[in-house]
Every structure is written in C-alpha cells, then in structure tokens.
**Student:** 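Here it is: the structure, laid out below.
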Amino acid sequence: MANSSIPKVEKKIDVIRKLRVEVDVVKSEAEEWKKNMDRISSKKKTARTQLASTEAQLQSLKEKTSVQAKKIEEFQFRLSSADSDRERLAMELAAAKSEVEKAKANADEMVTVYRSDAEAAHVQAKEVAEAAQARAN
C-alpha cells in the first residue's frame, strides 16, 4: 500500500507546484495591478490638484474681470459726462461768440458814429476858427 500512495503523493506535489506557479503568476499580476492603481491614484491626485489650481485661477480671473468691468462702466460714465460737458461748453462758447460779435458790431457802429461826430465837430471847429481869423483880420 505504501507503494501505491507514492504516485498519489507525487501527483499532489505536482499539483501543488503548479498551483504555486499559478499563485506566483496571480501575485505578480496583483502586484502589477497594485502599481497601476497607485499610479492612477497619483495621477488622479495630480489632476485634482491641477483642477483646484485652475479653479482658483479662474476665480481670480473672474474677480479681475469684474473689477475691470466696473472700471469700464465708471470710465464710460465719466466719458459720457465729459461729452455732455463738452457739448454744454460748445453751446456756451457759441453763445459767447455771438455776444462778442454783437458787442463788436455795436462797438464798430459806435466808433463810426463817434468818428462821424468828431469829424463834424472838427469841421465845425475849423469853420469857427476860420471865421474868427477872418474877423480878426
């Protein structure tokens, strides 16, 4: 009986060796899977960090854009106000020019009248002087 059990034992040992080879293969594959999972986990962590950084940058850009939009609105308001002031000043300038032209026209008319009166007075004074000289002679 001892002899008949030896082949069975050898057969079992053979099976155990094959199973150990299979276990070693499975362990090797499991180790590769673990490395891949660690690598994927690391990539995932890096991607999340980059995403958080990108979101922070995006938020910062949104805030800057908001500030710039408010500045643009303020500048547009100031420009509109300046345009209104310019238009008002242009109207005031036109009115002032009109007044100056009227005043110049009045002054020119007055100068003409005074010149005419002065010439008449000069002629009259000359005539009086000539008449006085004629009497004196």
Side-chain angles (χ1 to χ4, degrees):
M1 204 165 207
N3 284 343
S4 68
S5 64
I6 290 177
K8 287 182 184 179
V9 171
E10 285 177 352
K11 196 174 187 181
K12 287 184 181 182
I13 290 173
D14 222 19
V15 170
I16 290 172
R17 282 185 190 139
K18 287 180 183 177
L19 289 174
R20 281 189 180 159
V21 169
E22 286 182 33
V23 167
D24 288 344
V25 169
V26 170
K27 280 183 180 178
S28 176
E29 288 176 356
E31 196 60 39
E32 282 298 314
W33 280 100
K34 186 176 185 257
K35 287 178 186 176
N36 286 338
M37 288 174 56
D38 289 345
R39 190 170 7 103
I40 290 170
S41 176
S42 175
K43 286 182 179 181
K44 182 179 174 183
K45 185 176 180 181
T46 300
R48 282 189 174 164
T49 302
Q50 289 174 343
L51 178 61
S53 174
T54 302
E55 287 175 341
Q57 289 174 350
L58 180 60
Q59 183 62 33
S60 175
L61 286 174
K62 283 181 180 178
E63 290 170 5
K64 286 179 183 178
T65 301
S66 176
V67 167
Q68 288 176 344
K70 287 178 184 176
K71 284 182 181 179
I72 288 170
E73 287 177 14
E74 180 184 332
F75 287 141
Q76 286 175 335
F77 174 77
R78 290 169 63 188
L79 178 61
S80 176
S81 178
D83 282 345
S84 296
D85 288 348
R86 183 182 52 82
E87 290 173 8
R88 181 183 49 79
L89 290 172
M91 289 173 51
E92 288 178 10
L93 176 62
K97 281 182 178 179
S98 176
E99 287 181 31
V100 166
E101 287 172 4
K102 287 178 187 175
K104 184 181 181 301
N106 287 341
D108 288 346
E109 187 179 326
M110 289 172 65
V111 166
T112 301
V113 168
Y114 288 141
R115 189 175 283 154
S116 175
D117 287 349
E119 287 176 3
H122 179 70
V123 168
Q124 189 177 17
K126 189 175 179 184
E127 289 173 358
V128 169
E130 286 176 357
Q133 191 174 18
R135 283 189 195 153
N137 283 338

**Student:** Sorted by first residue and then second, give each side chain to side chain donor-acceptor pair (under 3.5 Å) pair with at least one member in residues 68-80; sequence neighbours left out.
**Tutor:**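 Pairs touching residues 68-80 that pass the test: E74-R78.
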**Student:** Return the CG to CG distance between L89 and L93, rounded to the nearest 0.5 Å.
**Tutor:**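 The distance works out to 8.5 Å.
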**Student:** Please list all pairs meeting side chain to side chain donor-acceptor pair (under 3.5 Å) that have one or both residues in residues 41-56, counting only residues at least two apart or in different chains.
**Tutor:**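 Residue pairs with at least one partner in residues 41-56: there are none.
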**Student:** Sequence neighbours left out, what pairs pass side chain to side chain donor-acceptor pair (under 3.5 Å) with at least one residue falling in residues 93-106?
**Tutor:**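 Counting only pairs at least two positions apart or across chains, the side chain to side chain donor-acceptor pair (under 3.5 Å) contacts touching residues 93-106 are K104-D108.
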**Student:** List the atom pairs, donor and acceptor, that lie under 3.5 Å between side-chain atoms in residues 22-35 and the rest of the protein, sequence neighbours left out.
**Tutor:**
none

**Student:** Just list the side-chain donor-acceptor pairs under 3.5 Å for residues 7-21, sequence neighbours left out, or say none.
**Tutor:**
none

**Student:** Applying the side-chain contact (heavy atoms from CB on, under 4.5 Å) test to R88, which of M91, R86, E92 qualifies?
**Tutor:**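 Result for side-chain contact (heavy atoms from CB on, under 4.5 Å) with R88: E92.
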**Student:** How long is the gap from CG on L58 to CG on L51, to the nearest 0.5 Å?
**Tutor:**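 That separation rounds to 10.0 Å.
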**Student:** Could you list all the side chain to side chain donor-acceptor pair (under 3.5 Å) pairs where at least one residue sits in residues 112-135, not counting sequence neighbours?
**Tutor:**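 Every pair satisfying side chain to side chain donor-acceptor pair (under 3.5 Å) with a residue in residues 112-135: there are none.
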